[in-house]
Amino acid sequence: MRSDAVKTGMQQAPHRSLFNALGMTKEEMEKPLVGIVSSYNEIVPGHMNLDKIVEAVKLGVAMAGGTPVVFPAIAVCDGIAMGHIGMKYSLVTRDLIADSTEAMAMAHQFDALVMVPNCDKNVPGLLMAAARINVPTVFVSGGPMLAGKVHGQKRSLSSMFEAVGSYSAGTMTAEEVEEFENKVCPTCGSCSGMYTANSMNCLTEVLGMGLKGNGTIPAVYSERIKLAKHAGMQVMEMYRKNIRPRDIMTKEAVLNALTVDMALGCSTNSMLHLPAIAHEIGWDFDITFANEISAKTPNLCHLAPAGPTYIEDLNEAGGVYAVMNELSKKDLLNLDCMTVTGKTVGENIKNCINKNPEVIRPVDRPYSETGGLAVLTGNLAPDGGVVKRSAVCEEMMVHEGPARVFDCEEDAIAAIKGGKINPGDVVVIRYEGPKGGPGMREMLNPTSAIAGMGLGSSVALITDGRFSGASRGASIGHISPEAAVGGPIALVEEGDIIRINIPETKLELAVSEEEMEKRRAQWKPREPKVTTGYLARYASMVTSGNRGAVLEVPKK
């Protein structure tokens, strides 16, 4: 056992004395030590139920012959952090989570791990840690929130942000906004649309690191507790068979995840996290090749905010495995990849049928023949920008308009809510990238304000920041290189014409190369917005959005 390094032999007598101090019995010390990484806290709605999930996992581990030991991981609620300095601290926690989990697991020599995340950065952060530590590991999330209901219609958090925009436009009263406020988030769990948390929990199933239902069983269902017990039992089976994360999270598994991402219409944030996970297994890829997968992968789901269905509906329709089964009919997945079940992807999805063809479109009747995400390139984004094209209305798939330039999110929001943005405009928000932010803030407030103001079908938004999975419309993020390093987005001037062509994956600034060179010669780097603490260290080490905003030691 790996844990023998801390509990077996005369040299480990001092270590055993400390286990005794924990109240651990000799019998417990003789069993494999299983670390349970708990993301529980009392500030994130998707994490407030994780204490119950963790207790169920502990029971499963103990029933299967292991000794469970819990330690924590931090978590930020992106919704609560949205629209202020707190959002600078969201993406950056992904690496804190990965680093601290690696430190705890290596320092205490656990034989196996069960990761219990739910929202946003915890899932990719713990997947990154799992790849580094490489002991038998299984994931079980806290599950999605049930959709809210307002006037008989299902609603979610994105509806809430858009309601604020509608109030600013004078089309909704304060009383109506309050009704939304009280009803759109009715239970614990990760917010109910195909936002970042649910995207990553679903993709954890595809990667093979979570059991069936991990991404879709609602948080408040008792089935979620059963899943957690089974996860605890399964990690012991993985331990006995020595099945490890790097046996599961291979290049082929990541490509499977990217394929299912296209079919589900996941959050654009998955295009930050999948490259970061791939980086941990030693495979660096550029996001632009995602278009090759998108070109052959049909979009089968229009989950909120792209459509009227929610994660609970996907669960009832057969879940992620049913989507994968549909894709397998066109030979779009590698079915030989190993998973935490000890079986291959093909064996896992074999009998998982699509129970609702309106929630999961059959592969021969998709919403579109191409995937839910697209990577746009051109002289404005030489290294790429990402758009959730499944959430873009038809009239905005090709768009040309004047740039309205803002050097921070707050200025853009003030202009949008102040009625200063006109139909046809292209809102440019820059110096919000991984280095420039720092922290690459999500732009849900401005996209929601655009939608709420009735401009969703006539105004585009581009940024070197990123978008919440709750954003919809012609919202193009991750523009690389970012403004802070002198990328072309830093050279855009008010009134410049920007051309967007999503079907052709083009993003162009209608300015001559001679003029761009002139502007480039005059451009000077901005002073860092933050010069102390973790954000300053992060800014000094983080790479571009097109590389997944991974951290690297600066070259001397």
Would you say the side chains of [X] and [Y] form a donor-acceptor pair under 3.5 Å?
{"X": "H47", "Y": "N118", "result": "no"}
{"X": "S480", "Y": "S544", "result": "yes"}
{"X": "N122", "Y": "S39", "result": "yes"}
{"X": "K506", "Y": "T377", "result": "no"}
{"X": "T339", "Y": "N348", "result": "yes"}

Item to complete: May I ask you to check if R526 and Y431 form a cation-pi contact, with NZ or CZ under 6.0 angstrom from the six-membered ring centre and within 45° of the axis?
Response: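 Satisfied, under 6.0 Å and within 45°.
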Test item: [X] and [Y] side chains (from C-beta on) under 4.5 Å apart, heavy atoms:
{"X": "I133", "Y": "T101", "answer": "yes"}
{"X": "Y534", "Y": "L96", "answer": "yes"}
{"X": "I500", "Y": "E400", "answer": "no"}
{"X": "I476", "Y": "T463", "answer": "no"}
{"X": "H273", "Y": "L203", "answer": "no"}
{"X": "L113", "Y": "V135", "answer": "yes"}
{"X": "Y321", "Y": "N325", "answer": "no"}
{"X": "L535", "Y": "Y89", "answer": "yes"}

Hey, is [X] close enough to [Y] for a salt bridge, meaning N to O under 4.0 Å?
{"X": "R430", "Y": "D464", "answer": "no"}
{"X": "E409", "Y": "R441", "answer": "yes"}
{"X": "E515", "Y": "R519", "answer": "yes"}
{"X": "R361", "Y": "E326", "answer": "no"}
{"X": "E513", "Y": "R520", "answer": "yes"}

Worksheet item: Taking only residues two or more places apart in sequence, or in another chain, which ones meet R94 in a salt bridge (Lys or Arg N to Asp or Glu O under 4.0 Å)?
Response: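 With sequence neighbours excluded, R94 shows a salt bridge (Lys or Arg N to Asp or Glu O under 4.0 Å) to no residue whatsoever.
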Quick check: does any side chain N or O of [X] sit under 3.5 Å from a backbone N or O of [Y], one acting as donor and the other as acceptor?
{"X": "D95", "Y": "L551", "value": "no"}
{"X": "K329", "Y": "V363", "value": "no"}
{"X": "D261", "Y": "A257", "value": "no"}
{"X": "E482", "Y": "E432", "value": "no"}
{"X": "S294", "Y": "N291", "value": "no"}
{"X": "N256", "Y": "L333", "value": "no"}
{"X": "R472", "Y": "C393", "value": "no"}
{"X": "T543", "Y": "V550", "value": "yes"}
{"X": "S540", "Y": "R537", "value": "yes"}
{"X": "K435", "Y": "A539", "value": "yes"}

Over all heavy atoms of both residues, which pair between [X] and [Y] is shortest? Give the atoms and the distance, please.
{"X": "N379", "Y": "E508", "result": "OD1-OE1, 2.8 Å"}
{"X": "S390", "Y": "H302", "result": "O-NE2, 3.5 Å"}
{"X": "D407", "Y": "K529", "result": "O-NZ, 4.0 Å"}
{"X": "C337", "Y": "N334", "result": "N-OD1, 3.6 Å"}
{"X": "T216", "Y": "I311", "result": "CA-CG2, 3.7 Å"}
{"X": "S100", "Y": "I97", "result": "OG-O, 3.3 Å"}

Practice prompt. For R466 and S471, run side chain to side chain donor-acceptor pair (under 3.5 Å): C-alpha distance rounded to whole Å, both residues' side-chain angles, the deciding distance at 0.1 Å, then the answer.
Written response: CA-CA 10 Å; R466 60 195 178 93; S471 292; over 6 Å; no
Practice prompt. Report the C-alpha separation of N198 and S190 in whole Å, then their side-chain angles, then the decisive distance to 0.1 Å, and conclude whether the side chain to side chain donor-acceptor pair (under 3.5 Å) test is met.
Written response: CA-CA 7 Å; N198 293 326; S190 48; 2.6 Å; yes
[X] atom [atom1]: more than 12 heavy-atom contacts under 6.0 Å:
{"X": "R389", "atom1": "CZ", "answer": "yes"}
{"X": "E394", "atom1": "CD", "answer": "no"}
{"X": "K251", "atom1": "NZ", "answer": "no"}
{"X": "E504", "atom1": "CD", "answer": "no"}

Rounded at 0.5 Å granularity, tell me how far [atom1] in [X] sits from [atom2] in [Y].
{"X": "L207", "Y": "L258", "atom1": "CG", "atom2": "CG", "answer": "10.5 Å"}
{"X": "M200", "Y": "C119", "atom1": "CE", "atom2": "SG", "answer": "13.0 Å"}
{"X": "L274", "Y": "C266", "atom1": "CG", "atom2": "SG", "answer": "8.5 Å"}
{"X": "T297", "Y": "E292", "atom1": "OG1", "atom2": "CD", "answer": "11.0 Å"}
{"X": "I489", "Y": "I479", "atom1": "CD1", "atom2": "CD1", "answer": "5.5 Å"}
{"X": "T370", "Y": "I293", "atom1": "OG1", "atom2": "CD1", "answer": "13.5 Å"}

Worksheet item: Where does the angle between the aromatic ring planes of F285 and W283 fall among parallel (under 30°), tilted (30 to 60°) and perpendicular (over 60°)?
Response: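 Plane angle between 30° and 60°, so tilted.
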Worksheet item: With sequence neighbours excluded, what pairs up with A130 under the side-chain contact (heavy atoms from CB on, under 4.5 Å) test?
Response: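 Applying side-chain contact (heavy atoms from CB on, under 4.5 Å) to A130 gives M115, T137, F139, M209, P245, M249.
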Discussion item. Run the side-chain contact (heavy atoms from CB on, under 4.5 Å) test on L314 and L303 for me, step by step, so that the C-alpha distance in whole Å, both residues' side-chain angles and the decisive distance to 0.1 Å come before the verdict.
Written reply: CA-CA 8 Å; L314 177 60; L303 296 147; 4.1 Å; yes
Fill in: Verdict with reasoning, R547 to E552, per side-chain contact (heavy atoms from CB on, under 4.5 Å)
CA-CA 11 Å; R547 294 190 55 207; E552 291 184 343; 2.6 Å; yes
Practice prompt. Under the side-chain contact (heavy atoms from CB on, under 4.5 Å) rule, what do T447 and L461 come out as? Steps first, then yes or no, please.
Written response: CA-CA 7 Å; T447 59; L461 192 155; 4.3 Å; yes
Worksheet entry | Derivation of the side-chain contact (heavy atoms from CB on, under 4.5 Å) call for T259 and L327 | CA-CA 9 Å; T259 299; L327 293 173; 4.2 Å; yes
Worksheet item: Of D425, D496, D411, which is the lone residue that meets salt bridge (charged side-chain N to carboxylate O under 4.0 Å, His left out) with R404?
Response: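 Exactly one option meets the salt bridge (charged side-chain N to carboxylate O under 4.0 Å, His left out) with R404, and it is D425.
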Item to complete: Determine, step by step, whether T196 and S267 satisfy the side chain to side chain donor-acceptor pair (under 3.5 Å) criterion, reporting the C-alpha distance in whole Å, the side-chain angles of both residues, the deciding distance to 0.1 Å, and the verdict.
Response: CA-CA 5 Å; T196 305; S267 164; 3.0 Å; yes
